[in-house]
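Comments concern the structure below.
We use all heavy atoms of the structure for the numbers below, so side chains are in, but hydrogens, waters and symmetry mates are not.
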Amino acid sequence: MNIEAKIRNIILQALRELYHCNDALSESLIQVEMTRPDIEGDYTVVVFPLLRFSRKSPADTGDELGRYLKNNVPEILSYQVIKGFVNLRLDNFYWISFLNEITENKDFWMTNPIGKQDTIMIEFSSPNTNKPLHLGHIRNNLIGNSLSLILKSIGNTVIKSNLVNDRGIHICKSMLAYIRFGHGETPESIGRKGDHLVGDYYVKFDQEYKKEVNDLTRLGMSEEEAANKAPLMQEAREMLRLWESNDPDTRKLWQQMNGWVYKGFAETYDRLGISFDITDYESETYHLGKQLVIAGLSDGLFSRDTDGSVWVDLTGEGLDKKILLRSDGTSVYITQDIGTANYRFNNHKPDKLIYVVGNEQNYHFQVLALIMKKLGYDWADQLYHLSYGMVELPSGRMKSREGTVVDADDIIDEMIDTAAKISAELGKLNELNEDDKTRIIKTIALGALKYFILKVDPKKNMTFIPEESIDFNGNTGPFIQYTFARICSVLRKAEDLNIITGHISVQQLPLNKRETGLIKLAHSFRSVVSDSASDMNPALIANFCYELAREYNQFYHDYPVIKEENEDYRKFRLNLSAAVASILRSGMGLLGIEMPEKM
RNA sequence: GGUCCAGUAGCUCAGGGGAUAGAGCAACAGCCUUCUAAGCUGUGGGUCGCAGGUUCGAUUCCUGCCUGGAUCACCA
């Protein structure tokens, strides 16, 4: 049992013994938290909520509780009551033995699953195949990937799933523009990455289409009508019909262009260090769900309009009516998701299905969950939409069609260039060979990018400021990587000098504020991971790693490690440094960020 | 208009019923013959959007309002 839980238990016992309160409800009134750093102590009990039991002043109650705790919890060395807060100080032996525990088990953090062992399917990435990935997709991928790692680390079985949106009018737009303006060029012939090439034609379509709409409105047509009647749009629709009717030429071009895109995506995923256990294609799954809707219709859950379209009425749930099948009997977006959700629960039997999808889809997923419930699936409650916020630019939203996006490949390149430049300036990698140098620079660049994205609460929108965001100082990935590399360097030196590390046999060692601060942070790592899993929020881990790194740097600045002359102290500080490094690697690892041993 | 989310320092973001609200960036001033200066230290910068309510205690919870965003398609 951890010390915090122990303290809570003893308080409960104290309340019973001192104030004869048997109230089970009192448990929720017991507040035990970590003591603020500027106040003497390790854990703090808030006494105000307990006054109703003691019917005494905060000072007297605090004093009685403090004394009781000190007498009944051997780890507690002393207590001090300040303004209604009992600040408890733990005996150093507790911290030293905790550090020993970490030191003796190298994989202390990773070999202790602390969560429920569920099978969790997590869908993320799910790109459209008509354009390359941009910063928004990077956020999606990083959150999905990190969340997978976090959930896995606490003992769940995780299935990473990607549903590629490979069909639809948007792809037809790229295809059409390519036929019109492409002159048969290929990624190889012009040396352009496939996803970018296809994206170029998507933008091209939009430009030409806008011209047509402008021309038509100038001739007196309303904007709405012009948007509908523009020849390019009509042709794109025709192409979608041809695709759906399996027209060989259309399918051939579709396969060719999608192939280019997949090759491009694979490269970007690879650079980001992202992989999937399952990749599904919407062209193969989009027909799923239709039967479920028809079955629901005959069960009277849905209704058919006079034109043949099928609807669900969610006004009772505070939402609107939603179309489930078009009047021509074809599926819409939500129909597909009904089908794929069912398909997934049938085939993979997950306990939970998490969709990592932008918050613009909140309504969609609300509707999806309600429909699944109406259809009577008991797993409807296990659908979870991890709704993440948009990445915006100072100028506003990114729009692929208008080319106002921060491209994924570009930003990665830029980060690598910057990392290389800074490394060259600092000259610390000079004696390494080119391969190692390149690898480390890449690690730093991606660390910076990933950390930058993941340190922000996924739920919140974030603003990307190009000039300021590519930073390698302060609250950044490289700062944490640097701290790690620094510790590695110290540990290497200690090994070279044959300094003995390992179990500390002494029970007592006067520890300074930095040292206890570091151990306390280390102590809380596990609960941070567990919180980040239950909140589905990698940012908690990111911010924890930053805090730990900062605390370590302060310690490192103030106190010698190898050069400490007292042998016990030196050993202790080396163990502490090793523990910090191991937590940093584990924590950052959960964000999908690698840690360089030199930088 | 309905629904959902957000509003904390000049900027980007943490925090969150509890003690004096924190970082980074930007600005300024310091610290490298000593374990990696991508580091450390200091200075300035705040009516936690506004108004009520609950509470011993509210920046945190509730209600209303203001502002910004998303969404409410026979697009996906």
Taking atom [atom1] in both [N] and [M], compute the distance separating them and give it to the nearest angstrom.
N: B/rG7; M: B/rG15; atom1: C1'; result: 15 Å
N: B/rC56; M: B/rG24; atom1: C1'; result: 37 Å
N: B/rC50; M: B/rC75; atom1: P; result: 45 Å
N: B/rA76; M: B/rU71; atom1: C1'; result: 15 Å
N: B/rU8; M: B/rA51; atom1: P; result: 16 Å
N: B/rC5; M: B/rA19; atom1: C1'; result: 32 Å
N: B/rG52; M: B/rG39; atom1: C1'; result: 49 Å
N: B/rU47; M: B/rG69; atom1: P; result: 24 Å

Using Watson-Crick or G-U wobble geometry with both distances under 3.5 Å, which nucleotide pairs with [N]?
N: B/rC32; answer: none
N: B/rA6; answer: B/rU67
N: B/rA21; answer: none
N: B/rG1; answer: B/rC72

Using a 4.0 Å heavy-atom cut-off, write out nucleotides 17-28 of chain B from 5' to 3' as B (base contacted by protein), S (sugar-phosphate only) or - (no contact). -BBS--SSS---

At under 4.0 Å between heavy atoms, what does [X] touch on the DNA or RNA strands: base, sugar-phosphate, or nothing?
X: A/Lys322; answer: nothing
X: A/Leu540; answer: sugar-phosphate
X: A/Met599; answer: base
X: A/Tyr333; answer: base
X: A/Asp457; answer: sugar-phosphate
X: A/Val561; answer: base
X: A/Ile169; answer: sugar-phosphate
X: A/Ile444; answer: base
X: A/Leu426; answer: base
X: A/Gln361; answer: base
X: A/Glu425; answer: nothing
X: A/Tyr559; answer: base

Separation of [X] atom [atom1] from [N] atom [atom2], in whole Å?
X: A/Lys459; N: B/rC5; atom1: NZ; atom2: C1'; value: 11 Å
X: A/Glu392; N: B/rG7; atom1: CD; atom2: P; value: 14 Å
X: A/Lys131; N: B/rA76; atom1: NZ; atom2: C1'; value: 9 Å

When the ring planes of A/Phe452 and A/Phe464 are compared, do they come out parallel, tilted or perpendicular, using 30° and 60° as the limits? perpendicular

Classify the ring geometry between A/Tyr556 and A/Tyr552 as parallel (under 30°), tilted (30 to 60°) or perpendicular (over 60°). tilted

[X]-[Y] side chain donor-acceptor pair, cut-off 3.5 Å:
X: A/Thr476; Y: A/Asp471; value: no
X: A/Asp63; Y: A/Tyr79; value: yes
X: A/Asn228; Y: A/Arg237; value: yes

Using a cut-off of strictly less than 4.0 Å between a heavy atom of the residue and any atom of RNA chain B, enumerate the qualifying residues of residues 483-492 of chain A by number. A/Ala485, A/Arg486, A/Ser489, A/Val490

Any ion pair linking [Y] and [X] (charged N to carboxylate O, less than 4.0 Å)?
X: A/Lys210; Y: A/Asp206; answer: yes
X: A/Glu360; Y: A/Arg397; answer: yes
X: A/Glu238; Y: A/Arg241; answer: yes

Anti/syn call for B/rC13, syn if |chi| within 90°: anti

Test A/Arg573 against every option in A/Glu565, A/Glu564, A/Glu567 by the salt bridge (charged side-chain N to carboxylate O under 4.0 Å, His left out) rule and name the one that passes. A/Glu564

Show every ring-ring contact (aromatic ring centres under 6.0 Å, His included) that has at least one partner inside residues 472-499 of chain A, sequence neighbours left out. A/Phe479-A/Tyr546

So, is the end of the A/Arg167 side chain (NZ or CZ) under 6.0 Å from the ring centre of A/Tyr286 and within 45° of the ring's axis? yes

